[in-house]
Amino acid sequence: MAAQREHFGGRFTAILALAGSAIGLGNIWRFPYMVGQTGGAAFIIIYLAACLLLSLPIFLAEAIVGHNTHSGTYGAMEKLAPGTKWKWLGLLTVVTPLVILSYYSVVGGWSIGYLWQSFTAGFRDNEIGAVSSAYANFIAAPWRPLLFHTLFLLGCAVIVSAGVKSGIEKFNKITMPLLFVLIVVIMVYSLSLPGSAAGVAYLLKPDFSRITPSAIAAAMGQSFFSLSLGAGTILTYASYIRKDENILATGLGTVAFDLLFALIAGFAIMPAVFAAGIEPGAGPGLIFETLPFIFAKMGAAVPWVSSVVAVLFFVTIVAAALTSAISMYEVGVAFLVEQRGLSRHKAVVLIFLGTWTLGALCSLSFGPLADTKIFGQTIFGFCDLLTSNFLMTFGGLLFVLFVGWKMPKAVVRDEFTAGGTEPFNKAIFGAFWFLLRYVAPIAIVVIFITNFLA
Ligand code: PHE
């Protein structure tokens, strides 16, 4: 057992760290794309509802387990339900974030590669086909993506090995405000481009006919991924929050920042996409094909402005990915330190070796290992699908059932009053308790089934 557990400095720093985990690639490419494809403003309304009615209660449940026990995932379950099968939830939520980290680091690595390019050669391919093949060649050629994956993971290792306060907290304190400034600057630039209004319309034009049950499930799934739920990261970070902090306030703050960032990212990206006169594409293609193409197009007019924006943009992506990745890394480190008695440095090295290896396989699955398939998916695709569609949802469901149906209600209640130091609001707690016990489990099962059928 670790002798002295570190803590975040205060409520705001805790929120910054949690928001650091939440705000990541999910906000920058997945959210804007989904909004446009799934009904514009109508989707934003559903997404808001999903965040508040579903994801916030799940977030609080997971955070309560960590905050109440001041332990990592496995230790928390051992404290609250010693000697029971719940320890498997503790183990599951150590494995999930490490698998995510492995492939997330590959994409983080690509972002470093593109940042490097925006500093050096810049983006000049004026034709979308050429941009796409440059991207395909880059991710398939084995050595460069592997090198960048290694660099990204090394960056995480350095931050995490410096500790909770001097590593994770400090990095988030500097990076998170910077991320907001950067994304606002990019948004202003993007909105100033001729033709950007179509992008604004794409995000804001409500199309209620597109709101189908599968769109609702997609909104719930997106809020789940964006808030890092069911992966043990929220639990672990919450275990570093001081005892006398109010978990409800922390949760609300985190959800608000995550939402705000996603919205700004939407208005930073889509107007530029439309100004360049192209169809928005899904997934990594948006970041690594569409945007370099835009930078090249803009660059033809005013080269230096476009180069600066390209650099700012990829700095934003790398930084946002790093603040999320360190939260996943920390889950594994906390487990090895607390349960296996390892020193932090040794734990960091072990996690590095494990996630580097799996990540390398994921990276190679775009090139030499492209034909190695697991359930019809490449290694990368399989890790992504397994975690974001199944393991996270399953972890989230178990946390909800554990807190809603197994933990004593009085203990959960205490978390809403900062351990009895703040007044108790019966209506808010009542709503939370209802959403947690009845609405969340049903909604998660719906997401699960939708993913399964997809
Ligand atoms: N929420 C992160 C994002 O939006 C991803 C993440 C998932 C982080 C699970 C931690 C755990 O990119």
Side-chain angles (χ1 to χ4, degrees), residues 15-35 47 50-51 55-56 58-59 62-63 66 72-73 92-108 110-111 152-153 156 159-160 168 172 175-176 179 183 218-238 251 254-255 257-266 269 283-284 286-287 316-335 351 355 383-396 399 447:
I15 293 178
L16 283 186
L18 284 159
S21 171
I23 294 171
L25 300 171
N27 302 55
I28 300 177
W29 59 257
R30 210 157 169 242
F31 179 77
Y33 172 75
M34 285 185 86
V35 173
Y47 186 73
C51 282
S55 297
L56 179 63
I58 304 173
F59 180 101
E62 195 178 325
T73 57
L92 170 77
T93 43
V94 174
V95 173
T96 305
L98 296 180
V99 176
I100 303 177
L101 176 61
S102 307
Y103 71 81
Y104 206 86
S105 165
V106 173
V107 184
W110 297 347
S111 318
F152 182 86
L153 209 53
C156 298
I159 299 164
V160 173
I168 295 173
N172 279 304
T175 312
M176 291 313 290
L179 268 184
I183 200 80
M220 295 196 291
Q222 167 64 13
S223 75
F224 216 93
F225 184 81
S226 188
L227 282 165
S228 319
L229 303 178
T233 46
I234 300 303
L235 187 159
T236 306
Y237 270 10
T254 309
V255 173
F257 275 137
D258 187 56
L259 211 65
L260 186 66
F261 196 91
L263 287 172
I264 303 177
I269 290 173
L286 182 64
I287 297 178
T316 309
I317 305 257
V318 172
L322 270 176
T323 55
S324 295
I326 55 175
S327 73
M328 308 173 205
Y329 207 123
E330 177 63 19
V331 177
V333 169
F335 173 75
I351 301 289
T355 48
C383 289
D384 179 12
L385 199 76
L386 176 73
T387 48
S388 43
N389 281 11
F390 298 105
L391 298 187
M392 286 178 78
T393 4
F394 191 51
F399 278 127
I447 302 180

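Counting starts at 1 for both ligands and their atoms, following the listed order.
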Side chain or backbone of Phe225 under 4.0 Å from ligand 1, or both, or neither, by non-hydrogen atoms? both

Evaluate side-chain contact (heavy atoms from CB on, under 4.5 Å) for Tyr104 paired with Cys156, printing each intermediate quantity in order. CA-CA 12 Å; Tyr104 206 86; Cys156 298; over 6 Å; no

Testing Leu101, Thr393, Val99 for side-chain contact (heavy atoms from CB on, under 4.5 Å) with Thr387, which one passes? Val99

If you apply the rule side-chain contact (heavy atoms from CB on, under 4.5 Å), what do you find for Leu322 with Thr175, and how did you get there? CA-CA 9 Å; Leu322 270 176; Thr175 312; over 6 Å; no

Distance filter under 4.0 Å to Ser226 heavy atoms, resulting ligand 1 atoms: 1 (N), 4 (O)

Among all protein heavy atoms, pick the one closest to atom 12 (O) of ligand 1 and tell me residue, atom and distance. Tyr104 OH, 2.6 Å

Could you go through the side-chain contact (heavy atoms from CB on, under 4.5 Å) check for Leu386 and Leu391 one step at a time? CA-CA 6 Å; Leu386 176 73; Leu391 298 187; 4.0 Å; yes

When only distance counts, is Ser327 in polar contact with ligand 1, meaning an N/O pair under 3.5 Å? no

Atom indices of ligand 1, in the order listed, that fall short of 4.0 Å to a heavy atom of Gly26: 3 (C), 4 (O), 12 (O)

Contact atoms of ligand 1, heavy-atom distance to Met328 under 4.0 Å: 6 (C), 8 (C), 10 (C)

Throw together a table of side-chain donor-acceptor distances under 3.5 angstrom for residues 16-25, partners on residues two or more places apart or in other chains.
residue	atom	partner	partner atom	Å
Ser21	OG	Ser228	OG	3.1
Ser21	OG	Ser327	OG	2.9

Examine distances only and state if a side-chain atom of Asn27 and a backbone atom of Asp258 form a donor-acceptor pair shorter than 3.5 Å. yes

Salt bridge (Lys or Arg N to Asp or Glu O under 4.0 Å) partners for Glu330, two or more places apart: Arg344

Just which atoms of ligand 1 are under 4.0 Å from any heavy atom in Met392? 7 (C), 9 (C)

With nothing but distance in play, are any N or O atoms of Ser228 less than 3.5 Å from an N or O of ligand 1? yes

Short list, please: which atoms of ligand 1 are under 4.0 Å from a heavy atom of Ala22? 1 (N), 2 (C), 3 (C), 4 (O)

Proximal ligand 1 atoms for Ile100, defined as those under 4.0 Å from one of its heavy atoms: 9 (C)

Would you mind running through ligand 1 and noting each atom that sits below 4.0 Å from a heavy atom of Ser21? 1 (N), 2 (C), 8 (C), 10 (C)

For Asp384 and Ser388, which heavy atoms make the closest approach, and how far apart are they? O-OG, 2.6 Å

